[in-house]
Protein chains: 2
Amino acid sequence: MLQVQELFLMPKITELRTLQIGELSRRTGVNIETIRYYERIGVMPNPLRTEGGHRAYNEHQLKQLAFIKKSRELGFSLEEIRALLHLVDAGTYTCSEVHEMTMEHLERVRQKISDLRRLERVLKAMAADCSRGDVPECPIIDALFDARRNS
Amino acid sequence: MLQVQELFLMPKITELRTLQIGELSRRTGVNIETIRYYERIGVMPNPLRTEGGHRAYNEHQLKQLAFIKKSRELGFSLEEIRALLHLVDAGTYTCSEVHEMTMEHLERVRQKISDLRRLERVLKAMAADCSRGDVPECPIIDALFDARRNS
DNA sequence: TGTAGGATCTGTAGTTGCTACAGGTTCAAG
DNA sequence: CTTGAACCTGTAGCAACTACAGATCCTACA
């Protein structure tokens, strides 16, 4: 894997492990197109390039992308992630700031859950009214046509 | 409000109450731009036009838009709504077909709820670890950087 | 009859977070 | 030296709207 030639070309020990975009993608589970998209919108930094123009990532960028992925999985928007990374990069963040952002996000998640639970309840009720028969009349359709009934 | 002139111009009694788009919007709570959007993508039918080119809606279209709105509020996609309306318009739907679509939708809603509940749990745990202090170190950030920890 | 204004018209572009090409390079192995 | 995989840029598409710009219609009032 590691070839003799490579050892002589290394500029610094810290850049020994530069990754191509494909390898970065495999390691993080983030789609290649998505990585380039993150770069375009400024969520990921512009990486160094090889002479041929291929992106060369380092360990820091690997961690950063993992951070982004994890945050996305937790439902943070790219805007929120950008803010978090900015705080972290500037080194100016405080624990309470981060806590606050997290709690705001948590609140939005809880709101969504409660909205969806309401939907679930209404859908369940509608479906329960339904005979499931082979007939062209259905209380679900009736309910949908009746804008006044809401639960 | 109702003028003598209008009474003579009426082609049919059933079209006595044609609505302009603004009035339709007010009655259904659906944004004007959204109504035109629904027309463009074929979810709402092309309405009749006045001589000047203004859209003139009838009661049926009012009901149809109310149906769409209600369905959207219940989280049905426009694609699903299109299918439902198609069944209804063709008069070929059976109650069990509608029931099935509703149950499929309900299943997706439940899946979303369970996904969000997982998020909620993780976010809550992360926030609980946090000192909320005025210091530049935060277990939330640490957790986000650590892609391996998932709950 | 003229005009002011509100409502409407069309068409296009923006939003979020990606994904999917097309058509062209680069790079490593055989 | 060629083949093929991996990479490059740039653009367009998805859902479900929303937000204009710039034009036209319509009605009421002077």
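Below, chains carry the letters A, B, ... as their sequence lines are ordered, and counting in each starts from 1. What you are looking at is a predicted structure, and each value in this text was computed from that prediction instead of being measured.
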Protein-nucleic acid N or O pairs under 3.5 Å, nucleotides 21-23 of chain D:
none

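- One can place OH of A:Tyr38 at 8 Å from P of C:dG17, the figure rounded to the nearest angstrom.
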Which pairs, protein N/O on one side and nucleotides 22-25 of chain C N/O on the other, fall under 3.5 Å?
none

Within the sub-3.5 Å range, which N or O atoms of nucleotides 11-13 of chain C have a protein N or O partner, and how far apart are they?
none

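- In terms of phosphate contacts, B:Ser77 brings no side-chain nitrogen or oxygen within less than 4.0 Å of OP1 or OP2 of D:dA15.
- If one axis is set at each end of the helix from C:dT1-D:dA30 to C:dG30-D:dC1 from five pairs, those axes are 30° apart, to 10°.
- Across all strands shown, B:Ile32 has heavy atoms under 4.0 Å from sugar-phosphate atoms exclusively, and none from any base.
- Under 4.0 angstrom from either OP1 or OP2 of C:dC9 there lies at least one side-chain N or O belonging to B:Arg55.
- OP1 or OP2 of D:dC26 sits under 4.0 Å from a side-chain N or O of B:Thr50.
- Distance CG/A:Leu144 to OG1/B:Thr102: 7.0 Å, rounded to 0.5 Å.
- Residues passing the side-chain hydrogen bond (donor to acceptor under 3.5 Å, both in side chains) test with B:Glu104: none are found, sequence neighbours excluded.
- With sequence neighbours excluded, the residues that form a side-chain hydrogen bond (donor to acceptor under 3.5 Å, both in side chains) with B:Arg27 are B:Glu23.
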